[in-house]
Every structure is written in C-alpha cells, then in structure tokens.
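Let me begin by presenting the structure, written as structure tokens, before commenting on it.
Basis for what follows: all heavy atoms, side chains included, without hydrogens, waters or symmetry-related copies. Here is how names work: the chains are called A, B, and so on, in the same order as the sequence lines, proteins then strands, and each is numbered from 1.
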Amino acid sequence: MVASGTSERSKFLIIITGPTAVGKTSVAIEVAKHFNTEIISADSRQFYKGMVIGTAAPAIEDLELVKHYFVGHLEIENYFNVAKYEHDVLQILDQLFIKHRVVVLTGGSGFYIHAVTNGIDELPDADDQIRAHVQEIYNEGGLTELRRMLLKYDPVYAEKVDMANPVRIMRALEVSLQMGVPYSSLLINSKPKRPFNILKIALNIPRNELHNRINSRVDAMINSGLEEEVRSFYPKRNFNSLNTVGYRELFDYFDGLSTKEEAIEKIKTNTRRYARRQITWIKRDKEYHWFVPDSKVIISYIESQL
RNA sequence: GGUAUCGUAGCUCAGUAGGUAGAGCAACGGACUGAAAAUCCGUGUGUCGCUGGUUCGAUCCCGGCCGAUACCA
C-alpha cells in the first residue's frame with residue numbers, strides 16, 4: 001500500500017536529453033517551472049565543482065530558480081561512475097517523488113541516463129590494486145597482451161567485445177580477476193522495474209544549425225574566461241574528470257603543443273564529434289520522442305502523456 | 001588594358017604521356033554494462049570553373065568566356 005495516496009502510476013520521470021548545445025538546459029528549466037518541480041542533472045562533467053564555463057553548466061540564476069541535483073557536487077579528484085550515479089539518483093528520486101508528481105532528469109550523458117532508466121547489472125567496482133595491475137599489463141604488453149588475457153579469462157566475452165578497444169577489455173579483466181569468474185557470466189542484462197513512469201524526450205535541430213551553435217558557444221566560452229578556468233585546473237590535469245573537451249585542448253596549448261587558435265578550433269571540432277556520438281547513442285533507444293527545443297510544444301506533449 | 005600562372009571533395013592540395021580521380025584535415029555512419037564530454041570501429045561524400053572543338057573517348061590537348069593571384073602598364 002502506498003500511504004501517501006500518490007500511486008506509482010501517476011509518478012513520472014521526464015528525461016530530456018539531446019546533443020550538446022542543442023538547448024537542453026533552458027527547456028528543462030521551463031518544464032520544471034511549469035510542473036513546479038526539480039531537476040536532476042545527467043551530465044558526467046557538470047558533476048564536478050568548478051567546471052562551469054567549459055561544461056556550459058546552468059547559470060547561478062537558473063540554479064536559484066529551480067533546484068538542481070548533481071551539479072558541482074563532486075571534487076575534481078573524486079572517483080565516480082555510472083553505478084554510483086544510478087544508486088544516488090534512485091535514492092534522491094524516492095525523496096522527490098514524495099513531494100512531486102513529476103521530476104525532470106536532463107543531460108547529455110547517455111550511458112548515465114540509461115543506467116537510471118534501464119538499470120545496469122550489479123557488478124563490483126574494481127579495487128584499486130587490481131585496476132593498477134591491469135593498467136600495468138596494458139602499459140607493458142599493449143593491446144596484444146590484453147587480448148591474450150581476455151581469451152584466457154573470458155573467451156565468451158572475447159567473442160563479442162570490441163577487441164580493439166583497450167578500455168572495454170581492461171574492465172572485463174578487472175572484474176574477472178577480482179571475482180574469479182568470467183566477466184560475461186555476471187552480465188545478466190537485468191532490467192529492473194522502476195517505481196515510476198518514464199517519459200523519454202530527445203531534442204535535436206538540423207546538423208548545420210547545431211554546428212553553428214557549437215562553434216559560437218565555444219567562442220563565447222573563451223570570451224567568458226575559459227582559459228583561466230582551465231589554467232586553474234592545470235595541476236590536476238591528469239584526473240579523469242579533466243579528460244574533457246574544452247580542457248584537454250587548452251592543456252595542450254599551455255604545454256606549447258599548439259597555439260591558442262589551434263586549441264580553440266580543436267575544441268570546436270571535438271565538441272561537434274561529441275555531439276554526433278551523443279546522437280548515435282540516443283537513436284539506438286527507440287523509446288525517445290524527438291522534438292526541436294520548443295518548451296511550449298514539449299510541455300503540452302508531456303501534459304498529454306501524464 | 002597587357003602578360004603569366006592558377007581554377008579538381010566542405011578546406012588545403014596531388015594526379016592522369018587522353019580510358020570519368022586520391023591524400024591530409026573536416027564531415028558522415030556505427031559500437032558501447034562502473035573512464036562515457038571517455039574509449040573504439042568503419043565510410044570518399046566530386047557536373048575535375050563554364051562553353052565550343054579535336055578524338056571511339058577530354059578533368060588532361062586546342063579556342064573562347066568567367067573568376068582568382070602576381071607582375072607590367
């Protein structure tokens with residue numbers, strides 16, 4: 001029995017995603033205002049404190065207007081991952097759905113959104129020693145050695161994984177070594193039932209318009225002081241959180257590997273490619289309803305689905 | 001106005017002793033189970049400036065036109 005009287009059927013998590021620079025932030029805020037609710041961010045780099053300009057994080061006015069979760073809540077040095085995110089989001093959603101019928105989850109990190117909407121199998125975080133060990137195997141033996149080991153410890157996964165992708169192989173090895181069973185044997189592809197409905201909305205605009213928006217947004221970031229923001233992180237540049245478009249290119253410039261102009265062009269190029277990968281990811285999920293970023297149209301669509 | 005050089009993919013350019021063309025970058029498509037703004041895989045997308053001529057056949061040779069650049073006036 002649900003004590004509050006708010007049945008699970010009426011609870012809705014509204015997903016608003018789309019490629020970078022398409023205009024997710026303002027649509028999400030309009031939607032949240034309309035339903036008098038709050039926003040959970042699904043942006044794997046806006047999690048980190050201080051990465052404000054380079055990640056186009058919501059402005060302070062926006063944060064005051066609508067309460068946001070998962071924006072600037074981590075330190076650059078903090079290790080974080082999708083599983084932790086899934087766990088933390090579900091916990092906060094429990095709280096939010098007590099007060100709200102509708103909650104908005106917005107961002108461009110498809111994998112993170114997927115973890116919330118579709119769930120991921122319960123697998124361990126590899127412990128630091130094993131991670132370091134596997135990393136060393138890669139450093140010394142390269143891809144060849146990784147492949148050889150995967151064939152030994154998890155031949156089933158070796159059949160289906162991209163054997164040119166060291167990251168995939170290393171993860172499988174970490175888990176296999178740690179658990180003593182093949183990684184693939186732990187993948188059961190469970191799809192947990194969530195105690196709320198999910199409405200998936202994706203935003204997009206014609207590609208050339210998106211590219212124009214990306215290019216001019218990068219220029220705007222530079223004018224807003226991106227260089228200084230990135231410079232302040234220079235000592236921490238090796239943390240994964242800073243392996244990010246807009247930061248790595250400027251680190252290269254600081255290292256004398258490129259001119260500032262080249263770095264800016266590279267940020268634009270890499271942002272365009274990032275946007276394309278995001279679109280590829282979203283297209284795979286046929287449950288998404290695509291819209292141009294028009295808040296009014298989207299709000300009335302949501303109303304019609306509640 | 002004259003002379004010279006150039007005009008080939010989105011950009012920079014290569015090339016074909018005449019058989020409709022290829023590099024780099026950009027772009028496009030895809031994969032994705034704890035690094036995901038990460039990581040990895042794949043794909044030439046073209047009236048060879050326009051227009052006549054020679055030729056079985058012209059991006060290539062010849063003429064004219066248009067455009068760009070340099071030099072001379």
When all nucleic acid strands are considered with a 4.0 Å heavy-atom cut-off, which category describes [X]: base, sugar-phosphate, or nothing?
{"X": "A:Y183", "result": "sugar-phosphate"}
{"X": "A:T20", "result": "nothing"}
{"X": "A:R272", "result": "sugar-phosphate"}
{"X": "A:Y247", "result": "nothing"}
{"X": "A:N243", "result": "sugar-phosphate"}

Problem set entry | Nearest-nucleotide comparison on RNA chain B, the residue closer to the 5′ end among A:N165 and A:G119 |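 Nearest nucleotide further toward 5': that of A:G119.
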Exercise. How do A:K160 and A:G108 order along RNA chain B: which one's closest nucleotide is nearer the 5' end?
Worked result: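 Comparing both residues, the 5'-ward one is A:K160.
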For this session: Dot-bracket for RNA chain B, please, read 5' to 3', with Watson-Crick or G-U wobble pairs under 3.5 Å on both distances, ( ) within the strand, [ ] crossing, | other strand, . unpaired.
Result: (((((((..((((.....[..)))).(((((.......))))).....(((((..]....)))))))))))).
For this session: Count the heavy atoms belonging to other residues, nucleotides or ligands that lie under 6.0 Å from CG of A:D128, then report whether that count exceeds 12.
Result: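 Counting other residues, nucleotides and ligands, CG of A:D128 stays at 12 neighbours or fewer.
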Quick one: is [X] getting a side-chain N or O under 4.0 Å of the [N] phosphate, OP1 or OP2?
{"X": "A:Y79", "N": "B:A35", "result": "yes"}
{"X": "A:R207", "N": "B:C28", "result": "yes"}
{"X": "A:R277", "N": "B:U39", "result": "no"}
{"X": "A:R171", "N": "B:U33", "result": "no"}

Exercise. Restricting to pairs with a member in residues 32-48 of chain A, which pass salt bridge (Lys or Arg N to Asp or Glu O under 4.0 Å), not counting sequence neighbours?
Worked result: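 For residues 32-48 of chain A: A:E30-A:K33.
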Could you pull out all donor-acceptor pairs under 3.5 Å where a side-chain atom in residues 181-188 of chain A meets a protein atom, sequence neighbours excluded?
from	atom 1	to	atom 2	distance (Å)
A:S184	OG	A:D154	OD1	2.7
A:S184	OG	A:D154	OD2	3.2
A:S185	OG	A:P182	O	2.5

For this session: Heavy atoms only: give me the nearest A:L146-A:Y138 pair and the separation to one decimal.
Result: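 A:L146 and A:Y138 have their closest heavy atoms at CD1-CD1, 3.4 Å.
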For this session: Flag the pair A:H114 / A:F111 as yes when their ring centroid distance falls below 6.0 Å, and as no otherwise.
Result: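 Not under 6.0 Å, so no.
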Exercise. Relative to each other, are the rings of A:Y85 and A:Y112 parallel, tilted or perpendicular (30° and 60° limits)?
Worked result: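 The arrangement is perpendicular - the two ring planes meet at more than 60°.
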